[in-house]
Amino acid sequence: MRYSEFGLTTLKEVPAEAEIVSHQLMLRAGLIRRLASGLFTWMPLGLRVLRRVEAVVREEMDRAGALELLMPAVQPAELWQETGRWEQYGPLLLRMIDRHQREFCFGPTHEEVITDIARRELRSYKQLPVNFYQIQTKFRDEIRPRFGVMRSREFIMKDAYSFDIDAEGLEASYQKMHVAYTAIFTRLGLKFRIVWADSGDIGGSKSQEFHVLADSGEDAIAYSDADDYASNIETAATQVPDGDRPIAAQELSKVETPGARTIESLCELLKISARQTLKTLIVEGTDGPVALALRGDHELNAVKAQKIAGVASPLKMADADTVSKVTGCEPGFAGPIGLDIPVFYDHATATMADFICGANAVDMHFTGTNFGRDLDAAETVDIRNVVAGDPVPGGKGTLSIARGIEVGHIFQLGDKYSRAMNATVQDSDGNDRALSMGCYGIGITRIVAAAIEQNHDDRGIIWPAPLAPFDVVLVPINMHRSDTVREAAESLYQELQDQGLEVLFDDRDVRPGVKFADAELIGIPHRLVVSERNLAADELEYRHRRDEDSRVLKRDAILNLLQKSSINY
RNA sequence: CGGGGCGUAGCGCAGCCUGGUAGCGCACCACAAUGGGGUUGUGGGGGUCGGAGGUUCGAAUCCUCUCGCCCCGACCA
């Protein structure tokens, strides 16, 4: 591709809308342009990268025996009503009405459609196992699209759905995808981690996420420093702490704490550590409001809390009126003593003694609170986020916390959808059995952003070889004044292409500095500089995007170096 | 949706408080010089100041409404 014919415009300045580095670089390098909130056009350069991601995903899915198909992006409401998700999915689902007043949605995922296919096509266990996949545009009307294509509303996803006769079959299909996903992210040159996860709205039991590690990641991952345990913080379990509860040493006493509505201000006022406090959160329950009590320095984990019997799911904080009604005071001073609603205590409270908590009275807290004496010592539950240093659940060592970008997710759905939609096949005994399903997603568009988060420097993007929009950038110096350079560059351009390489030939009549800067911004792995001074000795200058300095090599040596088969780094 | 902020040339911004002929840098076009790290000079094109209504002799500026976007919280590939 000749640069002069490629229509690429790069930006020197950072657009104000871009906050994280991948978004900034994607805009600056001309990969994407924004149309509206959460909607992006993939420009020619960006599309090349996208196609390369898709190619790797396709190859590995095909290798794993999955069958590609393409389902409609628009789906009829009836299908979603069968599984109850038409109501459940809420405003995330973009709904529309056709000219006949029929309701449709723009698919955010395709369990219903594929299950409909399965129920029509699959009759016998002999047709199993089967795994269908597609690479397709999805739409989720996200509450807050942000970070460019990282969390956009429209995005491209590879989604796959496996069908088996029973749980063992599902487990095998699931493991195949586990292997395929590992191969995909490895090939893409990404540093990733596989973590245990919550299956969320999609439903099902076993579920793992593939996270690209990056500080800008939206998810927190807890991992062991001693074994291979890793989990999304949403599901990482905490344990009842070892040891007995210390004996009460202080008397219960009510103290004035004017304006101390937060743990932070309370600690500042009383000159204490948050570990010595107990916070009481009033949330909606299945049968009236309930309270959740945590150590002051701990964070509530909504995913865990909403699974507790009696707590409303999804978790919702009680409004101020409800808080006033149950505590008899304004929000900010709630405490378990004298509270007339169910209270769920976090495990970590099991070893707390002589702690400070709200007194259910404005500007008042209790100090020296103790279980057994001031409060009933209750059973504890797991409702907090793990923190660095917590013991590894069921494993060795302690947990560390890292941030990750979720690029893949595999689930064992079981028969949730097949039952709801009556998708059955006959087993070898002639009995109808609900299909055992798995579903497997990869965020194609998000991978591009994640790769940049992990591979860039202050000059721009550094593409891992399999993702690069071009393999080589050819930079002639003063080509428009030197026939020698022009001829050499043109013939090199042809030869490199003949070797099967994707070459970006920077034939613009601009100063070398401009070409270098653009080449580095758009992150092409291999750079060849053609100049009069090196040509005289039949030499060229070569530099990999990751190299500190360039090397001057004989022309033949470079052509040899850039064999299609050997440039995968 | 709640809270905060911003809409002025393709991009980044100033001007608004205190109303009086719409500016700067980058990018773009032309010419010249330069010619291995975003070079320099001269000239030029490009704006219904997000939109509507109001106040005023006069509105980018003040008022009301509205639309869009960004950031902080609850969602997910």
Side-chain angles (χ1 to χ4, degrees), chain A residues 9-20 23-24 27-28 30 33-39 53 57 89-93 108-110 135-160 181 197-202 209-212 217-219 232 234 300 302-303 306 314-317 319-320 404-411 439-450 459-460 475-482 485 509-521 527 529-534 541 543 550:
Chain A
T9 47
T10 58
L11 267 34
K12 210 181 283 188
E13 282 168 301
V14 181
E17 70 192 55
E19 205 196 354
I20 60 170
H23 189 192
Q24 293 173 351
L27 254 14
R28 285 189 54 209
R33 297 275 106 112
R34 192 182 67 89
L35 175 65
S37 180
L39 301 178
V53 176
V57 171
Y89 225 84
L92 203 60
L93 194 61
T109 178
H110 280 70
I135 294 178
Q136 202 221 30
T137 299
K138 310 281 191 201
F139 192 97
R140 295 184 188 169
D141 200 355
E142 295 286 348
I143 302 159
R144 183 146 93 86
R146 68 188 127 168
F147 303 148
V149 298
M150 194 82 92
R151 174 167 300 283
S152 51
R153 295 195 292 176
E154 187 177 299
F155 58 100
I156 298 171
M157 178 167 149
K158 186 286 301 174
D159 49 329
Y181 275 38
D198 180 62
S199 47
D201 286 341
I202 305 223
E209 291 168 347
F210 290 70
H211 282 263
V212 166
E218 290 188 272
D219 287 281
N232 192 303
E234 286 178 349
L300 175 67
V303 171
Q306 68 201 13
L315 186 83
K316 221 178 145 196
M317 300 302 286
D319 57 39
I405 300 161
E406 185 188 354
V407 290
H409 200 158
I410 56 179
F411 302 81
C439 90
Y440 318 93
I442 289 182
I444 302 285
T445 38
R446 182 181 280 184
I447 283 176
V448 177
R459 293 178 170 186
V475 182
I477 304 291
N478 294 327
M479 182 177 79
H480 293 262
R481 296 189 309 134
S482 162
V485 171
D509 184 13
V510 294
R511 296 175 68 90
V514 175
K515 296 187 184 186
F516 294 148
D518 278 335
E520 281 155 356
L521 175 61
R527 187 185 80 185
V529 178
V530 184
S531 67
E532 210 147 36
R533 73 184 184 202
N534 288 326
E541 182 186 308
R543 172 141 98 140
S550 53

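Below, chain A is the first sequence line, B the second, and so on; all start at residue 1. As a basis for the values below, the full set of heavy atoms in this structure was taken, side chains included, without hydrogen atoms, waters or symmetry mates.
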* Asked: Does A/T9 have a side-chain nitrogen or oxygen under 4.0 Å from the phosphate oxygens OP1 or OP2 of B/A27?
  ->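 No, no such contact exists.
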* Reckon A/R144 has a side-chain N or O less than 4.0 Å from the OP1 or OP2 of B/C71? ->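 It does, given that an N or O in the side chain of A/R144 lies less than 4.0 Å from OP1 or OP2 of B/C71.
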* 5'-most contact on RNA chain B: A/P512 or A/A302, nearest heavy atom basis? -> A/P512
Within the structure shown, what part of the strands sits under 4.0 Å from [X] by heavy-atom distance: base, sugar-phosphate, or nothing?
X	answer
A/G408	sugar-phosphate
A/E17	sugar-phosphate
A/S482	nothing
A/D159	nothing
A/N534	base
A/D141	nothing

Counting side-chain heavy atoms from CB outward, which of [options] is closest to [X]?
X	options	answer
A/E142	B/C70, B/A77, B/G35	B/A77
A/R28	B/G38, B/A77, B/G37	B/G38
A/K12	B/G35, B/C26, B/C75	B/C26
A/L92	B/C75, B/U39, B/A77	B/C75
A/R511	B/A77, B/G38, B/U34	B/U34
A/N478	B/A77, B/G35, B/G37	B/G35
A/T10	B/G38, B/C76, B/C75	B/G38
A/I143	B/G35, B/A77, B/C75	B/C75
A/R146	B/G73, B/C69, B/U39	B/G73

* **Separation of atom CG in A/L93 from atom C1' in B/C76, rounded to whole Å** =>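 My rounded result for the distance is 14 Å.
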* Nearest whole angstrom, please: distance from the C1' of B/C70 to the CG of A/L27. =>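 Taking atom C1' of B/C70 as the reference, CG of A/L27 is at 13 Å.
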Nucleotide paired to [N] in any strand shown, Watson-Crick or G-U, under 3.5 Å:
N	result
B/A14	none
B/U34	none
B/G43	B/C29

* Can you find a donor-acceptor N/O pair under 3.5 angstrom joining the side chain of A/R34 to the base of B/C69? ->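 No, the side chain and the base share no sub-3.5 Å donor-acceptor pair.
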* Asked: Below 3.5 Å, does any donor atom in the side chain of A/R140 face an acceptor in the base of B/C76, or the other way round?
  -> no
* To do: Apply ring pair (Phe, Tyr, Trp, His ring centres under 6.0 Å) to A/F210 and list each qualifying residue two or more places apart in sequence or on a separate chain.
  => A/H178, A/Y181, A/F185
* In terms of side-chain geometry, is the basic nitrogen of A/R481 or A/E532 positioned less than 4.0 Å from the acidic oxygen of its partner? -> no
For nucleotides 3-11 of chain B, give me every protein contact, N/O to N/O, under 3.5 Å, one pair per line with atom names.
from: B/C11; atom 1: O2; to: A/E13; atom 2: OE1; distance (Å): 3.3

* To do: Among A/I156, A/I442, A/I405, find the one that has a side-chain contact (heavy atoms from CB on, under 4.5 Å) with A/I447.
  => A/I442
Taking only distance into account, with no hydrogens and no angle test, what donor-acceptor pairs under 3.5 Å do side-chain atoms of residues 509-516 of chain A form with protein atoms, sequence neighbours excluded?
from: A/K515; atom 1: NZ; to: A/P476; atom 2: O; distance (Å): 3.0
from: A/K515; atom 1: NZ; to: A/D506; atom 2: O; distance (Å): 3.0
from: A/K515; atom 1: NZ; to: A/R508; atom 2: O; distance (Å): 3.0

* Looking only at atom P, what distance separates B/C65 and B/G4, rounded to whole Å? -> 15 Å
* Expressed in whole Å, how much space separates the P atoms belonging to B/C13 and B/G35? ->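 Between the two P atoms, the distance is 36 Å.
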